[in-house]
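Below you'll find the structure, written out as structure tokens, and then a few comments.
Letters A, B, ... mirror the listed sequences (proteins, then strands); counts begin at 1. The structure displayed is predicted, hence computed values, not measured ones.
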Amino acid sequence: MSEILDKQAEATTRFRIVDSDIHPSLRSEKDLDPYLSARWRKHIAEYGKLSHRPFSHRNTYPRFMPNTARRDAWPPGGVPPGSDLEFMRAQLLDLYDIEIGILEPLMDSNLVRNLDLSGALCSAINDWQLAAFTSQESRLRASIQIPFEDAAASVAEIEKRVTDPAFAQIQLTARSTEPVGRRRYWPIFEAAEHYGLPIGMHIGGEAGHAPTASGWPSFYIEDHHGLTHSMQCQVTSMILEGVFERFPKLKIICIEGGFAWAPSLAWRLDRNWKIMGGEVPHLTRPPSSYMRSNIWFSTQPMEEPERPEDLRKILGWIGWDRIVFATDYPHWDFDDPRTAFPCRLSEAEKRAIFRDNAMSIYRLG
Amino acid sequence: MTRITEGAIDCDIHPGVPGIGALLPYMSDHWRDAFVLRGMDGFDLASYPPGAPIACRPDWRPKSDKGGAGKPGTDFDAFVAQGLDAFGTRLAICNTLYGGQVAVSETMGAAICSAINDWIADRWLARDARLRASIVVPAQAPHLAVEEIERLAGDARFVQILMPAAGEMLYGKSYYWPIFAAAEKYNLPVGLHAGSMFRYAPTSNGWPSHYLHDYVSQSQIFEDQLLSLVSEGTFSRFPSLRIVLIESGVSWLPGFLWRAIKTWRGVRAEVPWVERPPAEIIRDHVRLTVQPFDTPDDPDIVADVIEQIGGDDMLLFATDYPHWQFAGTDALPAGIPPALLRKITIDNPLATYARLKETVA
């Protein structure tokens, strides 16, 4: 076990940590310029990256910390958190003895309305992940950004990147213009299954729909919580549309979307499927069984039941082999591997969650 | 053997509106003419298509005059026999789901809602002393909703204000304060029943392909409404306000409370008027009906969820008749601790609906 985890318990074996959610940042917008054509640089300078929100240069719900970051995650020199590899090494990779870290860039790209611009930005971000991070740090892996609202362009971008072992997965966003199980997105799933790449579905994004079925919340405290609802929507949609019937080997990792909702959503789905399964005759088994065969969950932000031991019940229901650890570095709600779990874990459970599950799900060459 | 529901108070039972024709006698000349001359009918909610399995248990589905399947809940005698007598119900609260609550026109919405309330009083409450009802209101126009509440508040058989779970705005918004002020003034809980005005897509990712997805995702709108009510400080402004979540599914609540507490701890400074953990506020002000209860048929899981909910006062008995939630008369999931049965079936409903006490000495 890693020295970090050693401090919690007697170690019988040594293992290091796989972090499924690290957020790299641009030092400035100019960092992408080398990977964008003159046409797109001009377009962005003039029109910006039009998305689905009221402000030209910021998201609808102002976050609670500058750059959504930990106060101490600002590197020396004032560049944004997550943009300085040396500082990321010191504050995350070395400190916690991370064996492998998966980068999940979150920046305007895959939900930009102009699909050509979306494709150009995703491709530029992919180039930049390689140049700025993975080529300089072998512990890091990249995620293939795709303009997922354009399935054909997405497949082309996946095929452009798939031969590079630096990419561990395809990244999707838990907010989309349609529930992601709908057929227009299926070419992406087909490519993911074909190439054996898992899909990391990260919360966030703004796709034009109100965050609730009753309109727009006033506060970040509501929208932030509501992100977990978008994740529930995507899981529900993929199951009910039959995505996992059609692509049985597809692997979806729900990143940063919480997981305490998984059992109750599964129970609710199963209960209603029993009486209304006739509407989805393409499903050959109860909805919950697809959750257990095709869906994984990352741990951060950790669920914190009022009675800590209830967490074990949730994890047990989901399956100890379906949970992967994540820090969410450098964001404010970062989970420290030493203290993230409020309940006891056995040695085997720790090993599975902190390392082995991720090693078997991600493409880690 | 005594039924465990003997003497219970059923907090969610659904009389069916046969069609707009049944409501015309309770409308003004203007609206009667409008509905007839414009040929307007078919105001059943998309949230409950009358033919959908969830809308009516197969053995409760009435025959129509023409021999085919009739609309759920429209046969009074069957309603009484199946929905009340079969359970030994002592009192039942009628929640009518129809048209007016979701119409885009404020005035048409108000006209249908008023007609429903008068129709319920005339055709249902007057015919069985066990029946009580919710006041259906046009939440589209809070001032008209308040007029309707005031019009009926003198009739103690109306025990609650009813609104759809998904409206035109989240209910914590100040737009709705007049409704909550009236609710406090007349000591009426506000019931939010599963269902949507469909002003927005049913999910934050737009429109799903299936009704099943619509229905399942409604647990999330209940969560969103609680977050809104708490975050906007609604319960500080209206300290005696009670919200009842009806047909919510229930088992989502513990996980929701945990995340609400955690998020509040992290960013509570955004809403400094929320001075207590959201779970405390919700346990004080929010109640939930127990059908459906979304767990497997496993008494241990049911008991776990009830323990995690953590408030003995929070759950209210309901059959959700004629919606298809359970078989036979097993309206209470196995696994509820015996000590809680009487609270859920009798004490909690009486404590929640103050007006019931006026008629149950």
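- Interface residue Thr228(A): only side-chain heavy atoms are found under 4.5 Å from chain B.
- With a threshold of 4.5 angstrom between heavy atoms, Val271(B) approaches chain A through side-chain atoms but not through N, CA, C or O.
- Only the side chain of Ile221(B) comes within contact range of chain A, judged by heavy atoms closer than 4.5 Å.
- The residue among Gly255(B), Gly310(B), Pro53(B) with the most heavy atom pairs within less than 4.5 Å of chain A is Pro53(B).
- For Pro301(A), the parts lying near chain B are the backbone and the side chain together; criterion is any non-hydrogen pair under 4.5 Å.
- Taking the ring centre of Tyr290(A) as origin, the terminal cationic atom of Arg285(A) falls inside the region bounded by 6.0 Å and 45° from the ring axis.
- Within the 6.0 Å centre-distance limit, the rings of Trp273(B) and Phe219(A) are counted as a close aromatic pair.
- In this structure, chain B has no heavy atom under 4.5 Å from any part of Ala207(A).
- No other option in Glu279(A), Arg307(A), Arg175(A) has as many heavy-atom pairs under 4.5 Å with chain B as Glu279(A).
- Annotation: maximal heavy-atom pairing with chain B below 4.5 Å, among Ala213(A), Gly215(A), Ser264(A), occurs at Ala213(A).
- With respect to chain B, the highest number of heavy-atom pairs below 4.5 Å among Ala174(A), Pro211(A), Pro179(A), Pro263(A) belongs to Pro179(A).
- Of all the heavy atoms in Pro62(A) and Tyr220(A), the pair that sits closest is O-CB, 3.5 Å.
- Aromatic ring orientation, His331(A) versus His23(A): parallel (interplanar angle below 30°, classes split at 30° and 60°).
- Most heavy-atom pairs under 4.5 Å with chain A, from the set Met197(B), Gln225(B), Glu307(B), Arg199(B): that is Glu307(B).
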- Candidate pair Ser237(A) and Arg182(A), rule side chain to side chain donor-acceptor pair (under 3.5 Å), full reasoning: CA-CA 7 Å; Ser237(A) 174; Arg182(A) 283 171 66 86; over 6 Å; no

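- With a 4.5 Å cut-off on non-hydrogen atoms, His229(A) touches chain B through its backbone and its side chain both.
- Proximity to chain B involves both the backbone and the side chain of Met302(A), based on heavy atoms less than 4.5 angstrom apart.
- Both the backbone and the side chain of Arg268(A) come within contact range of chain B, with heavy atoms under 4.5 Å apart.
- Between His224(A) and Tyr61(A), a ring centre-to-centre spacing not shorter than 6.0 Å is recorded.
- Looking only at heavy-atom pairs under 4.5 Å with chain A, the residue among His210(B), Glu223(B), Met169(B) that has the most is His210(B).
- Among Ala260(A), Gly181(A), Ala210(A), the residue making the largest number of heavy-atom pairs under 4.5 Å with chain B is Ala210(A).
- Residues Asp333(A) and Glu256(A) approach most closely at OD2-OE2, 3.8 Å, considering heavy atoms.
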- Message: Could you walk me through whether Thr289(B) and Asp12(B) satisfy the side chain to side chain donor-acceptor pair (under 3.5 Å) test, starting with their C-alpha distance in whole Å, then the side-chain angles of each, then the deciding distance to 0.1 Å, before giving a yes or no?
- Response: CA-CA 7 Å; Thr289(B) 62; Asp12(B) 187 32; 4.8 Å; no

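- Defined by atom type and a distance below 3.5 Å, a donor-acceptor pair is missing between the side-chain atoms of Arg57(B) and Thr319(B).
- Interface remark: of the candidates Gln218(B), Gln308(B), Glu168(B), Gln308(B) forms the most heavy-atom pairs closer than 4.5 Å to chain A.
- With a 4.5 angstrom heavy-atom cutoff, Ala262(A) does not touch chain B via any of its atoms.
- In this structure a side-chain-to-backbone donor-acceptor pair under 3.5 Å is present from Arg53(A) to Arg58(A).
- Contact record, Tyr185(A) with Glu178(A): OH-N, 3.2 Å, taken as the closest heavy-atom pair.
- Here CD of Glu232(B) is found 5.5 Å from NZ of Lys173(B). Values are rounded to the nearest 0.5 Å.
- A donor and an acceptor atom, one from each side chain of Glu206(A) and His52(A), are nowhere located under 3.5 Å apart.
- Only the side chain of Ile314(A) comes within less than 4.5 Å of a heavy atom in chain B; its backbone stays farther off.
- For the salt bridge (Lys or Arg N to Asp or Glu O under 4.0 Å) test, residues two or more places apart in sequence or in another chain that qualify with Asp304(B) are Lys313(A).
- Within the 4.5 angstrom heavy-atom criterion, only side-chain atoms of Ala279(B), from C-beta onward, approach chain A.
- Side-chain N/O atoms of Ser204(B) and Ser230(A) include a donor and acceptor closer than 3.5 Å.
- When the candidates Gly258(A), Cys233(A), Ser288(A) are compared by the number of heavy-atom contacts under 4.5 Å with chain B, Cys233(A) comes out ahead.
- Contacts of Arg271(A) with chain B are made by side-chain atoms alone, with heavy-atom separations under 4.5 Å and no backbone atom involved.
- Of the atoms belonging to Phe64(A), it is side-chain heavy atoms, and not backbone ones, that fall under 4.5 Å from chain B.
- Between chain B and the options Gly226(A), Gly278(A), Ser218(A), Gly205(A), heavy-atom pairs under 4.5 Å are most frequent for Ser218(A).
- Between Arg265(B) and Glu304(A) a salt bridge is recorded (basic side-chain N to carboxylate O distance below 4.0 Å).
- Heavy atoms of Trp332(A) lying under 4.5 Å from chain B belong exclusively to its side chain.
- Listed options Tyr171(B), Trp264(B), Tyr211(B) were ranked by heavy-atom pairs under 4.5 angstrom with chain A; first place goes to Tyr211(B).
- Proximity to chain A (any heavy atom under 4.5 Å) is restricted, for Ile261(B), to the side chain, taken from C-beta onward.
- With a 4.5 Å cut-off on non-hydrogen atoms, Asn272(A) touches chain B through its backbone and its side chain both.
- Ranking Gly172(B), Pro58(B), Ala201(B) against chain A, the residue ahead of the rest is Ala201(B), based on heavy-atom pairs under 4.5 Å.
- Contacts of Pro292(B) with chain A are made by both backbone and side-chain atoms, with heavy-atom separations under 4.5 Å.
- For the side chain to side chain contact (heavy atoms under 4.5 Å, CB included) with Val250(B), the lone residue among Ile309(B), Asp294(B), Ile306(B) that qualifies is Ile309(B).
- Ring geometry for Phe256(B) against Trp252(B) counts as perpendicular: the plane angle is over 60°, on a 0 to 90° scale with 30° as the lower cut.
- Looking at Val305(B), the atoms closer than 4.5 Å to chain A (heavy atoms on both sides) all sit in the side chain, from C-beta outward.
- Using a 4.5 Å cut-off between heavy atoms, Pro202(B) touches chain A through its backbone atoms (N, CA, C, O) alone.
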